[in-house]
Amino acid sequence: MALVVQKYGGTSVADINKLENVARRVLKSKEAGNDIIVVLSAMAGETDRLIQLAHKVADEPDGREYDALISTGEQLTVTLLSIILNRMGFRAKSLLGYQVKIVTDRSYTKARIFHIDTKKICKELKKGTIVVVAGFQGVDKDGNITTLGRGGSDTSAVALAAALKADVCDIYTDVDGIYTADPNICRKARRLSRISYDEMLEMARAGAKVLQPRSIELAKKYEVPVYVRSSFTNEGGTLVTKEDMEMEREVVCGVTYDRDQAKITVVRVPDRPGIAARLFTPLAHHNIMVDMIIQNASLEGYTDLTFTVSRKEIKKAHELVEQVAREIGADRVEIDADVSKISIIGVGMISHSGVAAKMFTALAGEGVNILMISTSEIKLSCVIQEKYTELAVSALHDAFDLDKR
Ligand code: ADP
Ligand code: ASP
Ligand code: MG
């Protein structure tokens, strides 16, 4: 008998038939003698619909009301699943974030979990109840509902698994594991049977949306074994776990892409101390994350500064940067939202040379122009024109022989 957390994503709970399928899976594990906590997302598309509704009534909706609204999709699925499980003759109880007491800070839309009160869940598990928890949501210390960022149900599930010291956290989704590249755009992508926390974290941060990055940070910190599997088949699966001696230190284990990118260039910025601080401070004050930054060499006392932000934040970022650009006497601000970021990831990169050259050669071979480059110990990223995304992913997948073992 084990304590199991099972998380089902949006496509796995997209309609009543899918929820019935989830109920059958949950019961199979329950009947095998396990204690089960189910964590659900909203039905596929529902959170997007709620976000659109909020923006129909206001350009910048109040954070508190916005989070209370966009968290409602999960209330629908957890209650429906509990009703189905009850109908099938089993004790099941839905719990929303504030009912469990998943306590977070108050950064609406990107709240971080401080603490999870496990008392209520443990009491229910002792009674044999299947506990069905709404993913993606928490509550601050004053009782305001918060949400954990898009894809946040993964983080809810891993955080619950860590707090309850669960034996495993199963993430059920629409693919049967983690692949060397997004299997929906790369025909030759190969499923990995295991991947280390570090590599998965970099892949997620670089755009592989199969797991929310926060969830892997937590899994690594609390050593929660995370198993990614399909809610529609019983085959496959990928274990995300500690790196061990058996694991091959692949030079490159995966290729990822991120279309949520936009590039801002401030042209002819006076090259003197304090200018970068002036440009980036207002962005920080508005909680806008800056990803890559490039500053060209100074020419006659002027330089160009280019950086990337999330496409969703380009409007606000543009406004803020325009203002500073005027104040500091820069020539103009240019925006390009038709870009994407392509990355290769692998712990083996640390000890191999020539990886960057191979990446650039592969992109050049397809006529893909590189607009920006950034490197870290186990990741190499390039910003390119968005229209070349699929082509670039496949070219890199081939160049690093990722379809072969
Ligand atoms: P859920 O709704 O279950 O949370 P998501 O849509 O958030 O599912 O994540 C699953 C999707 O992640 C897959 O459909 C796939 O397109 C995408 N994905 C991106 N990169 C990868 C990868 N390397 N391996 C597996 N899936 C990936
Ligand atoms: N429903 C939320 C979203 O669409 C959370 C999740 O699915 O994990 O982002
Ligand atoms: Mg997801």
Side-chain angles (χ1 to χ4, degrees), residues 6-14 18 21-22 39-52 67 69-78 97 109-111 133-138 146-159 169-193 195 199-216 226-232 236-238 240 252-260 312 340-346 389-390 393 396-397 402-403:
Q6 296 190 343
K7 177 259 172 177
Y8 293 88
T11 38
S12 309
V13 296
K18 302 253 170 65
N21 170 54
V22 168
V39 177
L40 298 186
S41 290
M43 291 183 176
E46 179 64 3
T47 310
D48 289 334
R49 188 184 74 86
L50 294 165
I51 288 172
Q52 277 168 18
D67 269 17
L69 170 67
I70 69 168
S71 65
T72 57
E74 274 73 10
Q75 181 162 354
L76 194 95
T77 50
V78 290
T109 74
K110 39 188 139 182
V133 180
F136 182 51
Q137 54 179 262
T146 55
T147 62
L148 310 178
R150 298 307 304 272
S153 299
D154 298 327
T155 300
S156 309
V158 175
C169 181
D170 286 327
I171 304 282
Y172 286 94
T173 184
D174 57 356
V175 286
D176 68 351
I178 293 158
Y179 280 70
T180 47
D182 183 347
N184 286 322
I185 75 152
C186 181
R187 211 171 31 86
K188 292 192 197 159
R190 176 173 57 83
R191 185 176 55 79
L192 301 162
S193 56
I195 184 167
E199 284 172 319
M200 190 59 236
L201 185 55
E202 287 294 341
M203 278 179 71
R205 284 184 182 149
K209 64 173 184 162
V210 58
L211 286 172
Q212 199 198 34
R214 268 297 286 147
S215 70
I216 309 150
V226 172
Y227 210 2
V228 177
R229 36 175 60 171
S230 163
S231 60
F232 306 111
T238 301
V240 189
V252 172
C253 72
V255 183
T256 61
Y257 64 97
D258 185 358
R259 295 183 201 271
D260 183 21
K312 293 190 265 312
S340 65
K341 184 172 74 176
I342 309 292
S343 309
I344 53 173
I345 285 108
T389 306
E390 279 93 347
V393 169
L396 294 174
H397 200 271
L402 290 180
D403 56 331

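Worth knowing before you read on, the calculation uses all heavy atoms, side chains too, and leaves out hydrogens, waters and symmetry mates. First listed ligand is number 1; within each ligand, the first listed atom is number 1. Keep in mind that this is a model prediction, so the values were computed, not measured.
Side-chain contact check for D67 and T146: no donor-acceptor pair (N or O, by modelled atom type) lies under 3.5 Å.
Within the model, atoms OG1 of T180 and CG of L402 stand 5.5 Å from one another, a figure rounded to the nearest 0.5 Å.
Between K209 and D154 there is no salt bridge, since none of the side-chain N atoms of the basic residue sits less than 4.0 Å from a carboxylate O of the acidic one.
A 4.5 Å side-chain heavy-atom check between F232 and K18 finds at least one atom pair inside the cut-off. R150 has its side chain within reach of D48: a pair of non-hydrogen atoms, C-beta onward, lies under 4.5 Å apart. Between S156 and L148 the shortest side-chain heavy-atom distance falls below 4.5 Å. Looking only at side-chain heavy atoms (C-beta outward), P183 and R191 stay at 4.5 Å or farther from each other.
D403 meets the side-chain contact (heavy atoms from CB on, under 4.5 Å) test with K188, H397; sequence neighbours excluded. In this structure, R187 has no side-chain contact (heavy atoms from CB on, under 4.5 Å) partners at least two apart in sequence or on a different chain.
Sorted by chain and number, the residues within 4.0 Å of ligand 2 by heavy atom are S41, A42, T47, E74, F136, R150, G151, G152, S153.
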Are any protein N/O atoms closer than 3.5 Å to the N/O atoms of ligand 1? If there are, list each pair with names and the distance to one decimal place.
unit_1   : atom_1 : unit_2 : atom_2 : d
ligand 1 : 2 (O)  : G10    : N      : 3.1
ligand 1 : 3 (O)  : T173   : OG1    : 2.7
ligand 1 : 4 (O)  : K7     : NZ     : 3.1
ligand 1 : 6 (O)  : K209   : NZ     : 3.4
ligand 1 : 7 (O)  : K209   : O      : 3.4
ligand 1 : 8 (O)  : T173   : OG1    : 3.1
ligand 1 : 14 (O) : D174   : OD1    : 2.8
ligand 1 : 14 (O) : D174   : OD2    : 3.3
ligand 1 : 14 (O) : N184   : ND2    : 3.1
ligand 1 : 16 (O) : D182   : OD1    : 2.8
ligand 1 : 16 (O) : D182   : OD2    : 3.2
ligand 1 : 16 (O) : N184   : ND2    : 2.7
ligand 1 : 23 (N) : Y179   : O      : 3.0
ligand 1 : 24 (N) : Y179   : N      : 3.0

